[in-house]
Peer 1: 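Right, I'll just put the structure down here and ask away after.
Note that these values count all heavy atoms, side chains included, but never hydrogens, waters or copies made by symmetry. Nothing here was measured: the structure is a model prediction, and the numbers come from that model. Each ligand, and each atom within it, is numbered from 1 in the order the structure gives.
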Amino acid sequence: MSISFQSLGLSPARAEQLEGLGFQAPTSIQAEAIPQLLAGRDLVGQSQTGTGKTAAFSLPVLETLDLQLRAVQALILTPTRELAQQVTQAIKDLSGGDRRLQVLTVCGGQAIDRQIRSLQKGSQVVVGTPGRILDLLERKELHFDKLRWVVLDEADEMLSMGFIDDVKKILGATPPQRQTACFSATMPKAIRELIEQFLHDPVTVSIKQAKAAPARIEQSVYMIPRQWSKLQALLPILEVENPESAIIFVRTKRTAAELTAHLQEAGQSVDEYHGNLSQSQRERLVQRFREGRIHLVVATDIAARGLDVEHLSHVINFDLPDNSETYIHRIGRTGRAGRDGRAIALIEPKDRRLLRQIEQRMRQPLSIAQIPSRSQVEALRLKKLQTQVQEALSGERMASFLPLVHELSAEYDPTAIAAATLQMVYDQNCPQWVKNDWDAPNSSNKPVLKRQSADKPQKSAIASNPRG
Ligand code: ADP
Ligand code: MG
């Protein structure tokens with residue numbers, strides 16, 4: 001079954017333009033909401049995040065705007081400034097860049113004078129947070145006499161952030177013949193009451209997600225101290241996280257290439273997934289990933305769309321995404337099909353604001369994990385070595401080495417032979433970065449193993465800051 005955008009009542013030109021954006025078919029909420037909104041109905045939309053609600057309301061709005069008229073015709077209320085900016089951008093993208101269309105974001109924390117001047121130039125669509133919208137309304141800078149649409153995006157979030165009274169005041173100031181759409185992931189009582197009071201005989205579109213069991217995703221963030229780089233921190237983090245299969249998300253192609261090279265050099269089984277790969281290269285990479293021959297794939301959000309794997313043990317946010325929606329999409333790649341998943345993020349001081357946003361969106365603080373210290377990494381490696389020795393002791397191939405041990409025992413103590421052998425194996429498996437002089441900041445732990453060249457600690461490649 002494939003419904004087209006055109007069959008929903010959108011113009012052929014717009015449907016074609018959507019294909020250009022990579023929207024081949026409408027999502028469920030779009031398929032159900034768009035015809036109702038185009039037919040003039042008020043609407044209550046309930047669906048999970050990432051289901052395409054923005055286009056579900058933006059497309060009917062765009063379809064019915066009078067671009068000759070330079071007055072506010074659509075008002076979209078969002079809980080946060082970031083969401084307002086995203087919605088504004090989405091509307092611009094969906095409009096196909098028609099120059100007559102003016103979309104204005106109106107939020108606190110930005111100069112109100114500039115917003116007033118933009119309003120006076122005649123924006124047709126205003127997207128904003130309730131507080132600032134109300135402010136402009138009270139200053140009589142925002143006029144609703146030509147208003148045809150009001151959309152409440154993420155109404156439940158607006159409620160939980162304490163904006164509900166502002167929203168009601170704004171709705172009360174809009175013309176009664178307006179069309180209203182209210183989107184909310186959940187329907188608490190206060191939202192149901194608001195719908196009852198302000199929407200006229202709305203249709204309800206509710207999309208249930210076809211998920212077997214709620215996924216269990218454990219989320220942590222690693223705070224990267226100022227004097228450290230993320231590149232430097234990732235290796236010890238990988239040691240403790242020990243991912244079976246992970247996508248490492250980065251912001252740019254350039255970071256993807258650099259990070260991949262760096263990880264390969266450090267002995268990780270890792271590859272980069274990017275748009276320039278041929279179809280067969282891509283298939284081969286996915287195949288190796290599925291078979292566990294590579295554990296890590298580095299990708300940007302765009303590249304990762306083509307990466308189809310059933311389950312990941314980890315999602316690693318090397319760079320945070322621009323917004324919390326993308327974060328939710330990313331981490332949804334783990335914890336699938338009833339299995340546990342783990343999502344980690346590397347956070348620099350400049351990311352704190354975005355982190356707070358994500359926490360608000362998740363409605364829970366993310367736990368803070370410590371970058372493992374040198375002695376933790378070494379202890380983990382020794383533990384692994386111990387397991388390997390135990391496995392070898394219970395195997396049969398060991399027998400073929402016994403004559404060598406007998407020969408050596410003529411000269412050396414068997415305990416010393418064993419220790420020397422362990423040291424060799426440890427050193428052979430130990431990547432250079434562990435051997436080099438490094439330690440996690442504020443770590444008071446002393447290394448459990450003596451370093452080889454303790455006299456002159458040299459700076460390693462990963463210990464140098466890649467940004468400077
Ligand atoms: P929601 O508001 O429900 O959380 P969004 O509107 O932010 O979801 O959409 C999530 C993502 O899906 C966006 O990146 C958007 O561009 C994309 N998207 C939306 N509709 C479609 C579609 N029909 N086809 C492909 N991608 C889509
Ligand atoms: Mg949304």
Side-chain angles (χ1 to χ4, degrees), residues 1-10 14-35 37 43-63 74 76-97 103 105 125 127-129 151-161 163 181-187 191 205-211 249 251 299-306 308 321-333 357-358 360-363:
M1 179 196 70
S2 92
I3 309 166
S4 70
F5 277 106
Q6 209 178 323
S7 71
L8 302 180
L10 295 170
R14 196 168 304 284
E16 191 176 322
Q17 197 250 318
L18 287 171
E19 261 179 44
L21 288 176
F23 287 24
Q24 277 162 10
T27 64
S28 305
I29 188 117
Q30 289 162 2
E32 296 201 28
I34 290 172
L37 289 170
L43 181 126
V44 175
Q46 191 177 8
S47 73
Q48 290 308 306
T49 185
T51 49
K53 292 187 285 291
T54 317
F57 63 76
S58 301
L59 290 169
V61 167
L62 284 169
E63 202 74 18
I76 296 156
L77 296 179
T78 69
T80 63
R81 184 212 304 208
E82 289 73 19
L83 186 58
Q85 284 163 340
Q86 269 176 55
V87 169
T88 300
Q89 189 54 51
I91 293 176
K92 286 179 181 167
D93 293 344
L94 292 167
S95 76
V103 190
T105 317
V125 181
V127 187
T129 47
V151 178
L152 311 181
D153 194 13
E154 304 200 357
D156 51 352
E157 289 286 318
M158 290 198 272
L159 171 70
S160 65
M161 291 173 75
F163 293 145
C182 174
F183 291 88
S184 202
T186 59
M187 287 292 160
I191 297 297
V205 170
S206 172
I207 308 293
K208 299 266 175 298
Q209 252 180 347
K211 254 201 190 125
F249 283 99
R251 188 181 295 270
T300 61
D301 289 291
I302 293 177
R305 278 189 208 157
D308 178 30
D322 290 328
N323 57 69
S324 50
E325 306 291 317
T326 310
Y327 175 84
I328 290 167
H329 285 152
R330 283 185 183 180
I331 70 167
R333 283 180 163 263
Q357 235 189 80
I358 290 171
Q360 260 176 18
R361 196 80 181 73
M362 304 303 302
R363 293 177 200 188

Peer 1: Locate the shortest heavy-atom distance separating Arg14 from Leu94; write the atom from each residue and the value.
Peer 2: NH1-O, 3.4 Å
Peer 1: Check for a donor-acceptor pair, side chain of Glu32 on one end and backbone N or O of Thr27 on the other, with a separation under 3.5 Å.
Peer 2: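 No, Glu32 side chain to Thr27 backbone: no donor-acceptor pair under 3.5 Å.
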Peer 1: Would you please name every residue forming a salt bridge (Lys or Arg N to Asp or Glu O under 4.0 Å) with Glu82, sequence neighbours left out?
Peer 2: Arg353
Peer 1: Could you pull out the closest heavy-atom pair between Phe57 and Leu37, with the gap in Å?
Peer 2: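 Heavy-atom minimum between the residues: CA-CD1, 4.1 Å.
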Peer 1: Does Glu16 have more than 12 heavy atoms from other residues, nucleotides or ligands lying within 6.0 Å of its CD?
Peer 2: no
Peer 1: Ignoring hydrogens and angles, tell me if any N or O in the side chain of Lys53 forms a donor-acceptor pair with the backbone of Ser47 under 3.5 Å.
Peer 2: yes
Peer 1: Return the protein residues near ligand 1 (heavy atom under 4.0 Å from any of its atoms), ordered by chain and residue number.
Peer 2: Phe5, Gly22, Phe23, Ala25, Pro26, Thr27, Gln30, Gln48, Thr49, Gly50, Thr51, Gly52, Lys53, Thr54, Glu325, His329
